[in-house]
Amino acid sequence: MSRKPEADYDVIVAGGGAGGVGAALGAAQEGAKVLLVEKYGFLGGAATTSNVLAYCGFFQQGPDPIKAVGGVADLVLDELRALGLACDPFRSPTTSNWIILLEPEAVKLALDRVLQSHGVDVLLHTRVAAVTRTADRLESVTLAGMDGRCRVVGEAFVDATGDANLALLTGLACRTGNEEGKLQAVSGPIRVGGRNPSVPIDREAIIAALENYNRTGDWPVARTDGGIYTEVPQTGEMWWMIFDHPLEDLSSKSFTRAEQASRAAAHDYVNVLRKHVPGFENAYLAQTGPQIGVRESRHPPARYELTGEDLLTGRRRPDGVARAAWPIEDHSVPGKPVYRSIGGEGFADIPLDCLRAKGLENLCYAGRVIGADSAAYASIRVMGTAFATGEAAGRFSARGGA
Ligand SMILES: Cc1cc2nc3c(=O)[nH]c(=O)nc-3n(C[C@H](O)[C@H](O)[C@H](O)COP(=O)(O)OP(=O)(O)OC[C@H]3O[C@@H](n4cnc5c(N)ncnc54)[C@H](O)[C@@H]3O)c2cc1C
């Protein structure tokens, strides 16, 4: 693409999660000059901010792991392998779905390296804080960072903030939550250290201990099946998703309540393990994550909203740019996820119009902010799919919308 003299970058990507990294790499592979802006001091999005330590969506459901996502996401997996992570498909014993287990420090370094090797300019500790626009185009973003504020002009922009923070700043009207305005529950996955690895994890003992805790404990556990747990590769730690909290709205007050509840509950639950579950006598809370895990917030307007029906029928389309293969995983009721499988060949095409903002020519979406109704959202939000929608958004933006 030919950049106008006043433009600092061809493509500016807001957010350094799977969607943003996919977008930056896709755009860079098209030869674009790319800036990626991330508010935390590291990349990875939910994987590194919220202890979401498994990539979902890389494979279809079924007895064998059939790949649904490749492209630039494979470069990320290669970097992870170079750091010692196997990145093999792992079949979750709880859900039977194929996932890739992660270790967060490796994710941070792998993403630094893959973006550096593609010449992407990365600004950490920097937030997209304001925009200028014309009637139908974004012109610039104001970045708030450690050295104050600065204005950066771009040809094209990708909102990969998870929360549609860039779209919100443009004034586009965003939907909060599902069609009724209800948000999926937030969760606080934790890492537990100090477990005796020679003692197998006893799910029945966990269930009994939590049942007992629920009689008098401050933070009754909604996941009465003991939750989802795996081992964090290379660490001996247990990854445990056990705490869910309903989110009323997107106010700072609601988030503060959720963060504080999640922290207090995490300490209680690890105490329960230590006192009542064999092998956990020396267990300790290794980490709660820099922030709570947010499943859903705002949905910005897109030119097409992928539907639950598209997924349940495995709809193929000529304008498909990415594949959605993860089952519809609905968390409307805290602690009781409901899964519905993708139909057809085991995946559905995500059309380009899901990635294009309605009302702005040069704004694309990547990751969980793409156009999707509430059922489709419960599938496309996973990180494997986010890499794929990111790559497509980045390539399209770099080609000047062609
Ligand atoms: C509890 C929980 C469990 C989950 N389990 C799984 C799982 O096992 N596997 C899976 O694949 N998915 C899982 N998901 C879903 C998945 O983690 C997210 O949907 C996914 O991370 C979305 O990727 P993203 O890149 O769109 O957004 P995010 O990962 O949220 O990344 C967005 C990035 O943008 C940054 N950002 C936001 N605003 C700004 C701004 N104004 N300026 C600069 N940067 C900004 C954020 O700091 C963040 O790094 C889970 C989610 C939760 C909450």
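Predicted, not measured: the structure shown is a model, and the values here were computed from it. Whatever order the structure lists ligands and atoms in, that order sets their numbers, starting from 1.
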Below 4.0 Å from ligand 1: does a non-hydrogen atom of [X] turn up there or not?
{"X": "G57", "result": "no"}
{"X": "A14", "result": "no"}
{"X": "L166", "result": "no"}

(request) Pick one of side chain, backbone, both or neither for how V186 approaches ligand 1, counting any non-hydrogen atom pair under 4.0 Å. (result) neither
(request) Show your working on side chain to side chain donor-acceptor pair (under 3.5 Å) between R149 and T142 and close with a plain yes or no. (result) CA-CA 7 Å; R149 291 185 163 234; T142 298; 5.5 Å; no
Any idea which protein heavy atom is nearest [atom], and the distance to it?
{"atom": "atom 53 (C) of ligand 1", "result": "G293 C, 3.2 Å"}
{"atom": "atom 44 (N) of ligand 1", "result": "K39 N, 3.2 Å"}
{"atom": "atom 11 (O) of ligand 1", "result": "M383 N, 2.8 Å"}
{"atom": "atom 34 (O) of ligand 1", "result": "G15 CA, 3.2 Å"}
{"atom": "atom 51 (C) of ligand 1", "result": "R381 NH1, 3.7 Å"}
{"atom": "atom 17 (O) of ligand 1", "result": "A46 CB, 3.2 Å"}
{"atom": "atom 38 (N) of ligand 1", "result": "N165 ND2, 2.8 Å"}
{"atom": "atom 13 (C) of ligand 1", "result": "V52 CG1, 3.5 Å"}

Return yes if a side-chain donor-acceptor contact under 3.5 Å exists between [X] and [Y], otherwise no.
{"X": "R298", "Y": "T176", "result": "no"}
{"X": "D163", "Y": "S297", "result": "yes"}
{"X": "S96", "Y": "R91", "result": "no"}
{"X": "S254", "Y": "E248", "result": "no"}

Measuring from [atom], which candidate in [options] has the nearest non-hydrogen atom?
{"atom": "atom 1 (C) of ligand 1", "options": "G289, S187, A386", "answer": "S187"}
{"atom": "atom 48 (C) of ligand 1", "options": "E38, H125, R368", "answer": "E38"}
{"atom": "atom 40 (C) of ligand 1", "options": "I370, V128, T389", "answer": "V128"}
{"atom": "atom 2 (C) of ligand 1", "options": "Q184, R295, Q291", "answer": "R295"}
{"atom": "atom 24 (P) of ligand 1", "options": "G19, G16, S92", "answer": "G19"}

With a cut-off of 4.0 Å, which atoms of ligand 1 are near a heavy atom of [X]?
{"X": "G17", "value": "25 (O), 31 (O), 33 (C)"}
{"X": "V37", "value": "43 (C), 44 (N)"}
{"X": "M241", "value": "1 (C), 3 (C)"}
{"X": "R127", "value": "40 (C), 41 (N), 42 (N), 43 (C)"}
{"X": "C56", "value": "7 (C), 8 (O), 9 (N), 10 (C), 11 (O)"}
{"X": "A160", "value": "32 (C), 33 (C), 34 (O)"}
{"X": "Y40", "value": "47 (O)"}
{"X": "T126", "value": "43 (C)"}

(request) Return yes when atom CZ of R127 has more than 12 non-hydrogen atoms of other residues, nucleotides or ligands closer than 6.0 Å, and no otherwise. (result) no
(message) Counting only heavy atoms from other residues, nucleotides and ligands, does the tally under 6.0 Å from NZ of K358 exceed 12?
(response) no
Note: [X]-[Y] ion pair, threshold 4.0 Å (strictly below):
{"X": "R191", "Y": "E237", "answer": "yes"}
{"X": "R133", "Y": "E139", "answer": "no"}
{"X": "K67", "Y": "D74", "answer": "yes"}
{"X": "K108", "Y": "E38", "answer": "no"}
{"X": "R315", "Y": "D310", "answer": "yes"}

(request) For ligand 1, find out whether one of its N or O atoms is nearer than 3.5 Å to an N or O atom of V369. (result) no
(request) Indicate yes or no: does an N/O atom of A18 lie under 3.5 Å from an N/O atom of ligand 1? (result) yes
(request) Assess R317 against Y304: is NZ or CZ under 6.0 Å from the centre of the six-membered ring, and within 45 degrees of the ring's axis? (result) yes
(message) Checking N97 against Q61 for the side chain to side chain donor-acceptor pair (under 3.5 Å) test, could you report, in this order, the C-alpha distance in whole Å, the side-chain angles of both residues, the deciding distance, and whether it holds?
(response) CA-CA 6 Å; N97 294 317; Q61 274 188 308; 2.9 Å; yes
(request) Please state whether the rings of Y55 and F58 are parallel, tilted or perpendicular, taking 30° and 60° as the class boundaries. (result) tilted
(request) Looking only at non-hydrogen atoms, find the nearest pair between G226 and L210 and report the distance. (result) CA-CD1, 4.4 Å
